[in-house]
Amino acid sequence: MTQPSAIVIVGGGCAGLSVAARLRNVPNPPDVTLIEPSEFHYYQPLWTLVGAGALDKQVTRRPQRDYIPDGVRWLKTRVTGFEPEHNAVVTEDGQRVVYQQLVVATGIQLDWHKIQGLAGNLGKHGICSNYSYETVDFTHAALQSFRAGNAVFTFPSTPVKCAGAPQKIMYLADDVLRQRQVRDRARVVYAASTAAIFGIAKYARTLSRVVERRGIETMFRHDLIAVDAANQQAYFKHLDSGVETTLAFEMLHVTPPQSAPDVVKRSSLASADGWVDVHKHTLQHVRFPNVFALGDASSLPTSRTGAAVRKQAPVLVDNLLAWRAGRPLEASYDGYASCPLVTGFGKLVLAEFDYTGNPQESFPFDQSRERLSMYLLKLHALPELYWNGMLRGRC
Ligand code: FAD
């Protein structure tokens with residue numbers, strides 16, 4: 001058994017590292033162990049621009065080691081079991097790590113296998129996805145080799161990380177096809193399980209205008225269930241009528257079905273839907289008070305984004321330290337999330353909202369308008385804020 005640790009954080013992504021850094025920044029910092037198997041850390045929000053060919057994917061990846069805060073013990077392994085009844089986690093390499101408090105930040109799981117026929121075909125026959133570092137290059141390649149036919153962009157019938165990402169790449173793709181002078185031979189289709197282009201009316205109005213201006217066809221309430229890769233056919237099921245539709249494609253950008261990681265689902269930490277079951281304002285587990293969770297793996301009913309994590313991390317750390325000290329949990333998360341909706345090269349609508357769906361905007365102008373300034377914010381300022389602010393526990 002590994003030596004007991006005061007606080008164990010599982011997952012060193014955006015959420016885990018932000019919490020680790022904040023815990024080490026307090027006076028008399030507690031002892032912290034971080035369990036994370038990956039050699040690299042990824043800034044996923046830039047994958048949209050990588051897929052469109054605006055950036056090299058290398059810029060989104062940095063060594064994990066450079067972002068583990070000083071004084072934090074890193075166990076480079078994967079958690080394979082949670083035992084909250086015994087204040088312990090079990091790892092792939094056979095360790096049993098005991099904690100006083102646990103933070104779960106394992107992110108969301110990509111369930112590629114739930115689309116029949118997809119396995120082994122990403123990167124072939126025009127099938128691509130911005131949803132992983134390994135596949136993001138394929139999107140650019142598919143756009144460059146596109147000649148004529150349907151360019152189809154999907155959104156599954158599950159929660160996803162960054163609900164704007166499935167359509168952002170479509171607007172950039174539309175620009176690329178125009179630059180390549182093949183747009184008049186393309187039919188661009190947004191085939192989404194959602195009932196509308198976006199969940200918040202203020203931003204949906206702008207996005208509907210963008211869709212119309214670009215001549216994009218929408219197929220709402222359609223869920224991608226299977227592909228015949230070799231014959232470039234995509235099969236959809238209508239979520240209300242159950243009717244199945246087939247679409248031929250020259251390019252298919254897949255947003256995979258997603259769910260809580262299996263290791264969380266099969267543990268007693270899980271809610272009925274599989275997520276780590278935490279209180280939506282305090283981020284404390286509803287049954288195990290020494291367990292907290294944030295980010296994509298948590299049950300927090302907001303949009304799963306790094307921007308949301310930025311507001312969750314300080315609340316979690318305040319409440320976790322309060323609980324350690326026997327004080328009441330006073331910090332409260334209001335559901336803030338943000339989605340920088342790229343609507344083309346040089347254009348972005350910065351959606352920001354809370355649990356109630358009310359806009360909660362940072363700038364003193366109407367953020368539902370497409371702006372170059374907000375695009376530059378995403379391209380230059382937000383990555384800087386992420387690497388040097390958020391992951392260092394500074395903002
Ligand atoms: P992650 O950052 O995914 O980290 C989870 C970590 O847990 C990983 O390091 C993983 O290795 C580790 N882990 C998993 N299982 C285990 C285990 N069993 N044991 C130990 N460790 C484990 N967000 C925005 O704010 N703005 C955007 O514009 C935006 N665009 C996006 C575009 C795309 C294409 C994608 C894919 C995402 C985008 N996001 C965006 C979403 C954002 O990246 C995530 O919401 C954010 O990374 C969530 O942080 P997290 O720490 O919960 O999960």
Side-chain angles (χ1 to χ4, degrees), residues 8-20 33-52 57 60-61 64 67-68 74-82 89-93 97 103-110 128-133 135-136 139 159-169 172 253-256 258 260-267 275-276 293-298 300 302-313 316 336-342 348 350-352 374-375 377-379 382-383 385-386 390-391:
V8 168
I9 302 171
V10 181
C14 161
L17 283 185
S18 301
V19 168
T33 296
L34 177 78
I35 308 180
E36 163 61 58
S38 178
E39 190 71 36
F40 294 101
H41 183 97
Y42 301 91
Y43 181 55
Q44 302 170 39
L46 279 184
W47 289 348
T48 296
L49 298 179
V50 172
K57 74 175 178 179
T60 69
R61 182 173 100 154
Q64 185 79 27
Y67 288 87
I68 308 269
W74 178 18
L75 299 185
K76 193 171 174 300
T77 183
R78 174 176 296 279
V79 164
T80 49
F82 289 98
V89 297
V90 178
T91 64
E92 197 170 45
D93 58 2
V97 185
V103 177
V104 186
T106 46
I108 201 166
Q109 176 174 293
L110 304 178
C128 56
S129 180
N130 283 355
Y131 267 77
S132 78
Y133 188 77
T135 60
V136 65
T139 307
V160 297
K161 51 181 155 186
C162 194
Q167 63 183 286
K168 298 185 221 182
I169 183 57
L172 293 170
H253 179 271
V254 178
T255 297
Q258 296 166 46
D262 289 342
V263 65
V264 173
K265 274 188 213 125
R266 61 173 181 258
S267 79
W275 310 102
V276 186
L294 78 170
D296 294 354
S298 73
L300 298 172
T302 193
S303 185
R304 289 179 164 80
T305 58
V309 169
R310 191 166 74 83
K311 297 287 186 170
Q312 293 162 9
L316 185 148
Y336 171 91
S338 164
C339 191
L341 293 153
V342 179
L348 189 143
L350 185 60
E352 292 180 286
M374 296 294 97
Y375 181 87
L377 179 89
K378 176 175 175 67
L379 183 59
L382 294 182
L385 188 77
Y386 184 81
M390 198 173 157
L391 296 192

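Numbering of ligands and ligand atoms starts at 1, following listing order.
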Hey, looking at atom 41 (C) of ligand 1, which of Ala163, Ser338, Ser38, Cys162 has the closest heavy atom? Cys162

I need the contact type for Arg304 against ligand 1. Using non-hydrogen atoms and a strict under-4.0 Å cut-off, is it side chain, backbone, both or neither? backbone

Within the 4.0 Å heavy-atom shell around Gly11, which atoms of ligand 1 are there? 7 (O), 12 (C), 21 (N)

Those atoms of ligand 1 less than 4.0 Å from some heavy atom in Val10: 19 (N), 20 (C)

Side chains of Thr305 and Tyr336: does their closest heavy-atom pair fall under 4.5 Å? no

of all protein heavy atoms, closest to atom 48 (C) of ligand 1 is Asp296 OD2, 3.2 Å

Give the residue and atom name of whichever protein heavy atom lies nearest to atom 19 (N) of ligand 1, and the separation in Å to one decimal. Val79 N, 2.9 Å

Would you say the side chains of Asn130 and Thr48 form a donor-acceptor pair under 3.5 Å? no

Just need the protein heavy atom nearest to atom 42 (C) of ligand 1, so name the residue and atom and give the distance. Gly306 N, 3.6 Å

Can you confirm, on distance only, whether ligand 1 has an N/O atom lying under 3.5 Å from any N/O atom belonging to Glu36? yes

Quick one: does ligand 1 sit under 4.0 Å from the side chain of Lys378, the backbone, both or neither, non-hydrogen atoms only? side chain

Does any N or O in the side chain of Thr135 come within less than 3.5 Å of the main-chain N or O of Ser129, such that one atom is a donor and the other an acceptor? yes

Quick note on ligand 1: atoms under 4.0 Å from a heavy atom of Asn130 include exactly 34 (C)

Distance-only, no hydrogens or angles: does the Lys161 side chain make a donor-acceptor pair with backbone N or O of Gln44 under 3.5 Å? no

